[in-house]
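In the text below, chain A, chain B and the rest are named by the order of the sequence lines, each starting its count at 1. What you see below is based on every heavy atom in this structure, not just the backbone, and it leaves out hydrogens, waters and symmetry mates.
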2 protein chains.
Amino acid sequence: MASIPYREQVLRLREDAIVEAVNRLLVSKGYELMTVDGVAAEAGLSKASLYKHFSSKEELAAAAMTRLLERAIAQVAEQRTQASQADARAQLETLVRWTLKVQLAGEMPSLPAANSRLTAALRANRNYTDRLIELSDLLGKWIVAAQGEGALDAVLPPEVILYTLYARACDPVLAVLKASGQHDEADIVEWLVRSTFQGIGAAVKIAPCAASSGR
Amino acid sequence: MASIPYREQVLRLREDAIVEAVNRLLVSKGYELMTVDGVAAEAGLSKASLYKHFSSKEELAAAAMTRLLERAIAQVAEQRTQASQADARAQLETLVRWTLKVQLAGEMPSLPAANSRLTAALRANRNYTDRLIELSDLLGKWIVAAQGEGALDAVLPPEVILYTLYARACDPVLAVLKASGQHDEADIVEWLVRSTFQGIGAAVKIAPCAASSGR
DNA sequence: GTCTATACCCGGATAGAC
DNA sequence: GTCTATCCGGGTATAGAC
């Protein structure tokens, strides 16, 4: 036995607790307003100890984002096992629905796109970049397949669709609608899935062939 | 004469220069990383003088956002004078195109949605809230009209469409695509307009009536 | 109203004992 | 590895002379 040393298990548990604390603070305050002191307090250890695990604030954020990517990859893997979903477009819809539910659950961290220091640190983080590429490859296959089947707009380059899906995963519209408190959460999810795939334009009415009405 | 005192004109010019400096810094660094020192340097005056015009960093951001709303309202007004655009949906498309061009020109400031101090300051700023309501009313009329004409999805509540339009005005997808440097800017704009109104799903092909081809 | 200089505080990171 | 205590840069805001 002794396959995994006890010490290491404790380490893992602690680091998981830290990353979850980071996640909560990223959700509630955002990256810039998240303080390392706050993370330490939330995770229940001192700041100095925290720095033994993660060497900088950027590393903390990278760990949280890596965990998010891992969750997404796991979700993709799980969807693949369910043979009920044959076509690629349905898979992508399910995935979008999943990201919206993660948002609703208050578990979706989002980082500022403009902070060059942070983005540089992310690009330098192999754990993060490897996962990002892995997920993008998985989604890219679905996207191309769906376009081939005529289920996704073939006019749009696959990367445009990919980035759009990433953007919808942290779209502020959901937070605003939820904050207004005037709608059922299930409705919000359906509206956003609909607007992502069909846009805000009217669904095209297929008029009877005999006579085309004047709109 | 002397309708407007000379002093006041100078004041206005100076404050305009300040607001434009704020705008540039909000675009390049974002709110949190924008420093008041930086604004003062960019606008060409000292920090202490700057505080004689604007009482806080939040007020600076509010002034920049107010100016953006004024630009948008002016754009709406201008579109209305052009009788070439009859229907409401076309008006909204034109407006989205305008927001994307503002983004491409590097003139679109965007604030973090999570910063409660800042959002509280914005809500307390009449100049800002009045303009926001004014713009929302204008857009709301177009949205409802377009839905009535069957040109916008009537399933979506008007506010969902409104918030979606606001969100697309600062959608990170454009920045990412632009940064990749692999596409023409005009193409990017068209793709994003398309995905906003038609979604990423395939455009419905209207097959000839006689015989529907197998895709 | 503009400047220089500074008060004040906060946050990231580290030292050094245990 | 964990803690307490501290360093230090930098950011907001202000004082006070001109």
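The side chain to side chain donor-acceptor pair (under 3.5 Å) test with B:Glu107 singles out one residue from B:Lys101, B:Arg24, B:Arg71, and that residue is B:Arg71.
With respect to the salt-bridge test (charged N to carboxylate O, under 4.0 angstrom), the residues A:Arg168 and B:Asp171 qualify.
Residues from residues 110-127 of chain A placing a heavy atom under 4.0 Å of any atom in DNA chain C do not occur. In the region residues 54-63 of chain B, proximity to DNA chain C at under 4.0 angstrom, judged on heavy atoms, holds for none of the residues.
Separating the OH atom of B:Tyr51 from the C1' atom of D:dA13 is a distance of 5 Å, rounded to the nearest angstrom. Residue A:Leu33 contributes atom CG, which lies 10 Å from atom P of C:dG12 at whole-angstrom precision. For the pair A:Lys29 NZ and C:dC10 P, the interatomic distance rounds to 13 Å; values are reported in whole Å. Between the CD atom of A:Glu32 and the P atom of D:dG10 there is a distance of 16 Å, rounded to whole Å.
When only modelled atom types and interatomic distance are considered, B:Asp153 and A:Gln198 share no side-chain donor-acceptor pair under 3.5 Å. A side-chain N or O of B:His183 and one of A:Glu159 form a donor-acceptor pair less than 3.5 Å apart.
One distance of note links CG of B:Leu111 with CE of B:Met65; it measures 4.5 Å at 0.5 Å rounding.
Counting non-hydrogen atoms of other residues, nucleotides and ligands closer than 6.0 Å to NZ of B:Lys29 gives a total of 12 or fewer.
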With the criterion being N/O to N/O and under 3.5 Å, what pairs connect the protein with nucleotides 1-7 of chain D, and how long is each?
from: D:dT2; atom 1: OP1; to: A:Arg14; atom 2: NH1; distance (Å): 2.8
from: D:dT2; atom 1: OP2; to: A:His53; atom 2: NE2; distance (Å): 2.9
from: D:dC3; atom 1: OP2; to: A:Ser46; atom 2: N; distance (Å): 2.7
from: D:dC3; atom 1: OP2; to: A:Ser46; atom 2: OG; distance (Å): 3.1
from: D:dC3; atom 1: OP2; to: A:Ser49; atom 2: OG; distance (Å): 2.8

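For the pair A:Lys57 and A:Tyr31, the cation sits on the ring face: its NZ or CZ lies under 6.0 Å from the ring centre, inside 45° of the axis.
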